[in-house]
Amino acid sequence: MLKMQDVSKVYRTDLIETHALRNFSLEVKSGQFVAVSGPSGSGKTTFLNVAGLLETFDTGIYELDGQDVSRLSDDARSRMRNEKIGFIFQSFNLIPDLDVYDNVDVPLRYRRMKAAERNQRITKALELVGLASRTKHMPSQLSGGQQQRVAIARAIAGDPALILADEPTGNLDSLMARQVMDLLEQINEMGTTIILVTHDPELARRAQRNIHVVDGLVIDSAPYERRLGADERAGAGGSMPA
Amino acid sequence: MTLNLRPLLSSLLRSRTGAILVALQITIALAVMVNAVWIVSQRIADIEQPTGIDDDHMFVVAIAGLGSGFDLSSALAQDLAYLRGLPGVVAATATESAPLTGDGQGTQLFLQPGQRGRSAALGVIQTDTQGLRTLGVSLIAGRNFRPNEIQPFSKHSLEQSVPEIIVSRALAQALFPESDALGKVVYDGAGRPMTIIGVTHDFMGPVGLGNPKYQTALYPKTPGEYGAYFLLVRTVPGRLDVLMQTAERHIGASNLDRVIFFAHPLQFYHQRMIAENRNMAIFLSAITAMILAVTCLGIFGLATYNVSARTRQIGTRRAVGARRRDIIAYFMVENAFILCAGVLAGCALALATGYWLSVRYDLPRLDLYYLVGGVLFLWIVGELAAWQPARRAASVAPSVATRTV
């Protein structure tokens, strides 16, 4: 599904260069549920942006669903984001002036789907997240957990192969966070690949694989329990890249 | 492009205060612009309109008697005899209404007595048998006044009956649009009959009295009811200045019971009329330009604000698949909705204002082509004003969606 090899990304200003990703290599198979964790500034969000085609990268190879994305035009990247990727953001990123239905409709309209098909997909997605009765509600009328479920409905309505979730429970209390994770697992069980960026060890533990990123490098890629054991043996700082 | 009209409109209606204010601005701008341009076009047309008289070779002397001993009738006869005897003078006449000056008599004529039937407003020039020649106006039908038809001086000339009149073609058509005016009888406000004995080509009378400028009639009357009169003199080419100075000197010295208010070439008034029109056109154009500029700034400001306020939203739209041109289209269409609302209301206001101006100030009714042109112009300018902010919106990176601050 996702294959990155030696991908590098450097942010440059007049004064400094920040190496956000350094020879970042990772392969995620279809249907996997992967958690990406690491300390602040480690490059998790940059990885998510690059993986989600929200940003370009400087060097390396990135194939998404078998397609080399490094030379895609801006329009082609937009189309690929729309058709293959669903995004779930920490702050939900719902459009405040649109009701629940229209929020879920946004990516489908950009795909130029017919109204009937859009309606069918929106209804199905909202039913899945348990908000089919709230289509006319505005985001401000919903709780944080409900808003995140609308965002999940928006992400899955287009039937993407990959869902990228950026701290999806970061703004939720533990009960709502658990509900959102349950929902993501349910979606994963239906065959959608999920990559979850999180600080939360409990959430990371629920993923099939755990990618630990430090200073823009993948330093471990294993189930959570195995990585945790390795960290404990190595000491508090964990293993750092050479 | 994916326009998403329904959600876009519903989104716009949910945060509508700024949009309504800008739409109102567009409404006012359109109404002012269209009517101002219409008036400017009329003023420019006025500048280019011929006077229909030989004003290049005419001068006017304004005279008023002093005291009750002033014998206006004999003074006027002496003045005319003197002027007509001057070498280089083509013709001279006396009147209470000098063409182009704005001083004179305006009235209304009716097809039936008692102020009934079709009517027309007109400017009146009292004159004698030399009136047509002095003005340089030619008859296209009928005849000139005869000497015995000229009403003598009376201190109550307004009450005098004028059995025959000569009218301009514009006045003839206004009174008799479907038939020949020659020989027809019309009535003044007091119900006195007047027979049209001649029709001239169009010429401007004492303009600015509320009458259409080419609707003029010559009345065979000796002026002076108010103890004042104008002497109109037409000269041969190249002699106007000298003859005007000579006449002014002689008239001023020949009878000390009167004063000369002024002596001016008629071109002076024509140029003043042109300058008034030109200044009004410049003033209205400047006002229109300023209102347009303010409106464009309003549109630009609202679009810029919307882009700034919705940066995260734009990033999210880009993240979920919007292309740059979809974002541009979004803001341009949103602006088009505002323009549409403003322009629709603006059309109604422009028409209402145009109607009011036509009734209140006797202006020609607003030409709809100007309204259509104004709508198109404002639409294009309004969309151009939103273009830069829309392009800025399109440059928002999709990665903005993942920023938490």
Side-chain angles (χ1 to χ4, degrees), chain A residues 44-56 73-99 101-113 115 136 138 140 151 154-155 157-158 160 164-167 170-171 197, chain B residues 1-20 302-303 305-331 333-335 337-338 390-405:
Chain A
K44 299 189 300 295
T45 300
T46 304
F47 157 71
L48 188 96
N49 286 347
V50 170
L53 309 183
L54 301 178
E55 285 186 51
T56 55
S73 68
D74 192 71
D75 277 3
R77 294 163 72 83
S78 295
R79 196 177 314 119
M80 205 157 188
R81 281 197 298 272
N82 182 265
E83 292 175 359
K84 296 198 183 293
I85 305 170
F87 289 96
I88 301 168
F89 304 101
Q90 180 176 353
S91 306
F92 324 133
N93 289 23
L94 298 180
I95 293 168
D97 297 328
L98 298 181
D99 62 23
Y101 186 97
D102 285 338
N103 261 289
V104 179
D105 196 19
V106 169
L108 305 184
R109 280 182 179 267
Y110 287 127
R111 206 185 287 190
R112 291 162 208 82
M113 276 181 185
K136 292 296 165 199
M138 301 303 290
S140 59
R154 180 178 64 189
L164 294 173
D166 182 19
E167 302 275 10
N171 286 352
V197 169
Chain B
M1 282 178 293
T2 308
L3 294 181
N4 306 327
L5 294 182
R6 191 191 54 76
L8 195 154
L9 186 58
S10 81
S11 169
L12 187 61
L13 290 175
R14 287 205 174 90
S15 48
R16 55 183 175 266
T17 308
I20 287 173
L302 180 68
Y305 169 77
N306 282 340
V307 170
S308 300
R310 297 185 202 161
T311 303
R312 166 68 70 89
Q313 185 190 131
I314 296 163
T316 304
R317 286 181 182 275
R318 292 278 284 133
V320 300
R323 297 164 298 175
R324 287 181 200 275
R325 59 177 174 273
D326 292 326
I327 300 296
I328 290 177
Y330 181 92
F331 282 96
V333 171
E334 183 178 71
N335 187 58
F337 273 128
I338 298 168
R391 278 181 59 86
R392 199 159 67 81
S395 70
V396 171
S399 58
V400 165
T402 58
R403 287 183 199 149
T404 48
V405 181

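We name chains A, B, ... by the order of the sequence lines, and we start the count at 1 in each one.
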Subject >> Under 4.5 Å from a heavy atom of chain B, the part of A:I85 involved >> reply: neither
Subject >> Among A:T46, A:V197, A:N49, the one residue meeting side chain to side chain contact (heavy atoms under 4.5 Å, CB included) with B:T402 >> reply: A:N49
Original post:
Does the side chain of B:R312 reach to within under 4.5 Å of the side chain of A:S91, using non-hydrogen atoms?
Top reply: yes
Original post:
Crowded around B:R391 CZ? As in, over 12 foreign heavy atoms under 6.0 Å?
Top reply: no
**OP:** Measure distances from B:A319 to the heavy atoms of chain A and classify the residue's part below 4.5 Å as side chain, backbone, both or neither.
**Re:** both
**OP:** Pick out which of A:V106, A:N103, A:L98 makes a side chain to side chain contact (heavy atoms under 4.5 Å, CB included) with B:P7.
**Re:** A:L98
Original post:
CG/A:D74 to CZ/B:R325 distance, rounded to the nearest 0.5 angstrom?
Top reply: 10.0 Å
Subject >> Ion pair check, B:D326 and A:R109, cut-off under 4.0 Å >> reply: no
Subject >> Residue pair A:P96 / B:Q313: nearest heavy atoms and the distance that separates them >> reply: CD-NE2, 4.2 Å
Original post:
Looking at B:A401 and A:N93, what are the two nearest heavy atoms and their distance?
Top reply: O-ND2, 2.7 Å
Original post:
Between A:G158, A:P107, A:A155, A:P160, which shows the greatest number of heavy-atom pairs under 4.5 Å with chain B?
Top reply: A:P107
**OP:** Can you see which heavy atom on A:S78 is nearest to which on B:A322, and at what distance?
**Re:** OG-O, 3.4 Å
Subject >> B:T316 side, atom OG1; A:F92 side, atom CZ - distance, nearest 0.5 Å >> reply: 12.5 Å
Original post:
If only atom types and distance count, is the side chain of A:R81 paired as donor or acceptor with the main-chain N or O of B:R318 below 3.5 Å?
Top reply: yes
